[in-house]
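These notes concern the structure reproduced below.
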Amino acid sequence: MGEESIVAKTSLIQAIRGMNDILPDEIPVWQYLESILQALMRAYAYQEIRTPILEETALFKRSVGEITDIVEKEMYTFLDRNGDSLSLRPEGTASCMRACLEHGLVYHQVQRLWYVGPMFRHERPQKGRYRQFYQFTAECLGVAEPSIDVELILLTSRLWKHLGLSSCLEFQLNSLGLLPERENYKKVLVTYFSSRLSELDEDSQRRLKTNPLRILDSKNPEMQSCIAGAPVLSDHLGEVSQAHFHQVKTLLDKAGVAYRVNPRLVRGLDYYSHTVFEWVTTQLGAQGTVCAGGRYDSLAQQLGGMAVPGVGFSMGLERIIALLISEGLYLVSPQVDVYLLYQGGAAVEEALLLAETIHNRLPELRLLRDGSGGKLTHQFKRADKSGAVLALILGEQESRDKTITIKFLRQDKPQITLAQDKLIYFLEEQSWKIS
Ligand code: ATP
Ligand code: MG
């Protein structure tokens, strides 16, 4: 069978639903955001950690919680060839804590860490909600006192200022207290919701028996008035929890960060205690939480480790990028300074070597060599589209004369022709206009 007939019968394979390609044109805004985040982490002396994308399923069952949306219905879980149950990570905190416990990084020492990468959840894909999405996370492990909760919040607040997003985000704060307090509160909550059973959707009726606090996190609009009438956890907090919460609020006041206490803010994961928070926008429709976090002092023990207090936040990068774009806060800038065109047999080799010489002498200059050697008019169109300010032309004439023609693409100036060995000096002089 000829190759052609095989090719003709093959249908085009597409990406998995809810898993996005990030195309070259979109990359600059991702790099912009990531570079700002990295600089911020450097400034606060947080260190990067990288953990595997696959973990034992038990890690997430124990940390995120068996009766959470994530573990119940969103995880990509499968048996590998050895029959072990593995899961694609749905979030990063569990892996980060596992790694720190495994390598003794939290034994009598503090770790300030960050990481960025894809997370996987089998949710219904929609704007701002994907099956593979990127999270940026910062965590501080080993400090129990509230100033570290506030340090992390200040970090996020500084990020929004830097990005120009402060005015479109609201900061919501709550305290989940300690486990025994939540246990008491659960009983009150169950009594309340049981008395309004007919108003609960199917999920919430099930949660009533398994994890009633999670009812408060329901996104179902029809449930909101029932949730709004529910008793609040803050009435059940003991002295220690109240003091922690009070200190967080006092420090936020002192640092000038505005907050709204949302007494019904719970998080979709089981490991939180004390402080929980979210940064929310109304600009992105239903998927309005761009950053969420909190304290998780019992996580390390849930994973079988020693007691290690922790606090952190995660942000959804797709949502922040959507916000930057919708607010007009990121303008795409050209990726090319100088575009090299060539035509004629000998010019192929000359253009390639000339480009190398330019890269050697001017390593910062962004040079694109047209790879086609085709019609100059076509090459000029591409040069113009690239955003370059200068076009360098190596045609047959130039090749014979050892010259190069320079065309100013963004200025109303006549083109010039120079000896090739003068080109670098010329570009050096121009560099202030180029980069
Ligand atoms: P949501 O309430 O939107 O479902 P969540 O409580 O499940 O969010 P977290 O697990 O706290 O979210 O994740 C932190 C952040 O990651 C969220 O605030 C959001 O910005 C982002 N995020 C979570 N799930 C998705 C997703 N499926 N697609 C894109 N971003 C997501
Ligand atoms: Mg969710």
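Every number for a ligand or one of its atoms is a count from 1 in the order of the listing. The analysis underlying the following values was restricted to heavy atoms, covering all of them including side chains, and did not include hydrogens, waters or symmetry mates.
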Within a distance under 4.0 Å of any heavy atom of Lys219, pick out the atoms of ligand 1 and give their elements.
2 (O)

Among Phe120, Phe133, Tyr134, Tyr130, whose heavy atom sits nearest atom 30 (N) of ligand 1?
Phe133

From CA spacing to verdict: side chain to side chain donor-acceptor pair (under 3.5 Å), Tyr115, Glu139:
CA-CA 9 Å; Tyr115 46 89; Glu139 327 256 26; 2.5 Å; yes

Side-chain donor/acceptor pairs under 3.5 Å, residues 20-38, sequence neighbours excluded:
from  : atom 1 : to    : atom 2 : distance (Å)
Glu26 : OE2    : Leu23 : N      : 2.9
Ser35 : OG     : Gln31 : O      : 3.1
Ser35 : OG     : Tyr32 : O      : 2.9

Answer side chain, backbone, both or neither: which part of Gln287 comes under 4.0 Å from ligand 1, heavy atoms only.
neither

Tell me whether Arg89 contacts the main-chain N or O of Pro118 through its side chain, where contact means a donor paired with an acceptor under 3.5 Å.
yes

Find all atoms of ligand 1 within a distance of less than 4.0 Å from any non-hydrogen atom belonging to Arg121, and give their numbers and elements.
5 (P), 7 (O), 9 (P), 10 (O), 12 (O), 13 (O), 23 (C), 24 (N)

Within the side chain of Glu55, is there an N or O that forms a donor-acceptor pair under 3.5 Å with the backbone of Ser87?
no

Considering residues at least two apart in sequence or located in another chain, which fulfil the ring pair (Phe, Tyr, Trp, His ring centres under 6.0 Å) criterion with Tyr44?
none

Could you tell me how the ring of Trp279 sits relative to the ring of Trp160: parallel (under 30°), tilted (30 to 60°) or perpendicular (over 60°)?
perpendicular

How does Val290 reach ligand 1, if at all, at less than 4.0 Å between non-hydrogen atoms: by side chain, backbone, both, or neither?
backbone

Say whether, by atom type as modelled, one donor and one acceptor occur between the side chain of Arg410 and the main chain of Asp384 under 3.5 angstrom.
yes

May I ask you to test the Tyr46-Leu152 pair for a side-chain heavy-atom distance under 4.5 Å?
yes

Flag Arg319 as yes when one of its N or O atoms lies below 3.5 Å from any N or O atom of ligand 1, and as no otherwise.
yes

Looking only at heavy atoms, is any part of Arg129 under 4.0 Å from ligand 1, and if so is it the side chain, the backbone, or both, or is it neither?
both

Would you say Gly316 and ligand 1 have an N/O pair spaced under 3.5 Å apart?
yes

Can you list the ligand 1 atoms lying under 4.0 Å from a non-hydrogen atom of Gln135?
13 (O), 14 (C), 15 (C), 16 (O)

Taking only heavy atoms of Ser314 into account, list the atoms of ligand 1 that are under 4.0 Å away from them.
14 (C), 15 (C)

Strictly under 4.0 Å, does any heavy atom of Glu91 approach an atom of ligand 1?
no

